Amino acid sequence: MTDDDGCTAHTGSLTARPAGAHALLVELPDAERTAAFHAEVLRRRAAGALPPVEEIVPGARTVLLDGVPDPEALARRIAGWEVPPVADDTGDVVEIPVRYDGPDLADVAALWGVGPEEVGALHGSHTYRVAFCGFAPGFGYLTGLPPHLHVPRRSTPRTRVPAGAVALAGPYSAVYPRATPGGWQLIGTMPDPRPLWNEARERAALLAPGTRVRFVTVGGATAAGATTGCVVSGADTTTGGTAAGADTTTGGTAAAGAGPGAGA
């Protein structure tokens with residue numbers, strides 16, 4: 001359906017509206033359908049079934065398509081798409097080594113109703129996916145934590161969170177690629193965070209949108225099909241590579257609609 005102005009297209013699950021003369025902002029109701037729409041855009045572009053788009057930038061509940069010759073025509077076209085959900089086993093896998101020694105470990109354990117020694121096992125038992133990037137270069141917002149394990153941001157942010165801090169806020173997990181202020185709950189440490197952002201690589205950010213992520217306790221076994229700290233499966237690990245299905249035309253900065261827990 002299209003509004004009376006002929007510019008904004010609606011379906012049951014998305015709204016697509018021009019954002020300036022050559023961009024289209026697609027708004028979706030939740031993170032799962034945003035990830036599915038982002039994957040569908042990439043699939044159609046790879047198949048040659050998408051008009052020229054210079055940048056594809058996912059956010060928490062938006063996908064920005066920039067450099068579009070005719071945003072209104074693309075909005076009408078998108079309204080008729082069938083968008084399947086993202087399969088859990090698609091996308092490259094990155095394993096992040098972590099020591100569960102963060103200063104907020106006891107607070108998170110209390111919120112989860114477990115002992116501090118159990119937080120690492122719970123957090124590491126899930127596979128995450130990079131929904132979008134933002135806040136700082138190389139900072140990926142990872143979804144996949146079950147709702148009952150979501151935690152609030154700290155009431156008082158820290159003036160300095162060290163590089164490599166493994167953190168939680170709302171529905172997201174993240175690893176700080178550099179030292180910055182931040183208000184997330186810190187539960188662990190990635191011993192060497194330098195792979196998260198390396199400007200010498202073709203793709204500077206290790207955690208590109210669409211990448212699957214597993215957290216592995218330091219000293220634990222690496223899962224089959226994954227390499228610790230590296231992108232595998234269809235990517236060049238010698239240069240840092242690119243996540244399968246990730247958009248190589250953009251650094252992945254979050255579009256509008258960052259959603260709960262966004263920021264750091």
Side-chain angles (χ1 to χ4, degrees), residues 29-35 60-61 85-86 88-89 91 93-136 138-177 179-193 196 207 209 211-223 226 228-229 254 258-264:
D30 52 44
E32 289 74 19
R33 277 174 280 195
T34 301
R61 296 192 183 96
V86 178
D88 290 339
D89 60 352
V93 178
V94 171
E95 289 199 340
I96 301 294
V98 55
R99 295 191 305 265
Y100 286 97
D101 58 1
D104 299 319
L105 198 66
D107 291 341
V108 170
L111 289 168
W112 287 359
V114 300
E117 70 282 358
E118 298 176 79
V119 169
L122 272 173
H123 183 250
S125 66
H126 303 284
T127 297
Y128 301 84
R129 189 178 295 273
V130 183
F132 59 97
C133 300
F135 175 65
F139 191 103
Y141 291 77
L142 314 182
T143 57
L145 199 65
H148 70 280
L149 298 182
H150 294 179
V151 298
R153 292 165 58 94
R154 286 173 49 85
S155 57
T156 303
R158 292 181 170 90
T159 57
R160 185 182 186 277
V161 173
V166 177
L168 306 176
Y172 302 114
S173 293
V175 187
Y176 282 75
T180 64
W184 290 31
Q185 307 278 357
L186 308 184
I187 62 170
T189 305
M190 180 182 182
D192 181 5
L196 295 172
L207 302 182
T211 304
R212 289 183 294 157
V213 179
R214 299 185 185 118
F215 291 92
V216 179
T217 301
V218 171
T222 298
T228 302

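Remember, it's a predicted structure, so these values are computed and weren't measured experimentally.
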| task | For the pair T143 and Y128, evaluate side-chain contact (heavy atoms from CB on, under 4.5 Å) and give the outcome as yes or no after the intermediate values. | result | CA-CA 5 Å; T143 57; Y128 301 84; over 6 Å; no
| said: Determine whether a donor-acceptor pair (N or O, by modelled atom type, separation under 3.5 Å) exists between the side chain of Q185 and the backbone of P152. | reply: yes
| Taking every non-hydrogen atom, the tightest pair across A165 and V161 | CB-CG1, 3.6 Å
| Where is the tightest heavy-atom contact between A106 and P116, given as atom of each residue plus distance? | CA-CG, 4.3 Å
| query | Where the side chain of T34 meets the backbone of D30, is there a donor-acceptor pair that is under 3.5 Å apart? | reply | yes
Under 3.5 Å, side-chain donor or acceptor atoms of residues 119-126 against the rest of the protein: list the pairs with distances, not counting sequence neighbours.
residue	atom	partner	partner atom	Å
H123	ND1	Y100	OH	2.8
H123	NE2	S173	OG	3.1
S125	OG	L122	O	2.7

| Is the backbone N or O of A167 less than 3.5 Å from a side-chain atom of W184, with the two atoms forming a donor-acceptor pair by type? | no
| note | Rounding to 0.5 Å, atoms CZ (R99) and OG1 (T217) come to a distance of 11.5 Å
| request: Give the minimum heavy-atom separation between C133 and P209, together with the two atoms involved. | output: SG-CD, 3.8 Å
| said: Side chains of F132 and F139, heavy atoms from C-beta outward: is any pair under 4.5 Å? | reply: no
| Minimum-distance pair of heavy atoms, taken over all atoms of A60 and Y172 | CB-OH, 3.3 Å
| said: Is any side-chain heavy atom of F215 closer than 4.5 Å to one of V166? | reply: yes
| Got V94 and L207 here, is their nearest side-chain heavy-atom distance under 4.5 Å? | yes
| message | So which atom in A163 and which in P177 form the shortest heavy-atom distance, rounded to 0.1 Å? | response | CB-O, 3.9 Å
| query | Are any of the side-chain heavy atoms of V216 and I96 separated by less than 4.5 Å? | reply | no
| Which pairs, with at least one residue in residues 103-114 and sequence neighbours excluded, count as a salt bridge (charged side-chain N to carboxylate O under 4.0 Å, His left out)? | D104-R154, D104-R158
| query | At what distance, to the nearest 0.5 angstrom, does CZ of R129 lie from CD of E32? | reply | 11.0 Å
Extract all donor-acceptor atom pairs below 3.5 Å that involve side chains of residues 186-193 and protein atoms in other chains or at least two apart in sequence.
residue	atom	partner	partner atom	Å
T189	OG1	D101	OD1	2.9
D192	OD1	R194	N	3.2
D192	OD1	R194	NE	2.9
D192	OD2	R194	NE	3.4
D192	OD2	R194	NH2	3.0

| message | Quick check: do V93 and R214 have side-chain heavy atoms less than 4.5 Å from each other? | response | yes
| task | Could you grab the distance from atom CG of L111 to atom NE2 of H150, nearest 0.5 Å is fine? | result | 13.0 Å
| What are the two closest non-hydrogen atoms of V130 and G140, and how far apart are they? | CG1-CA, 4.2 Å
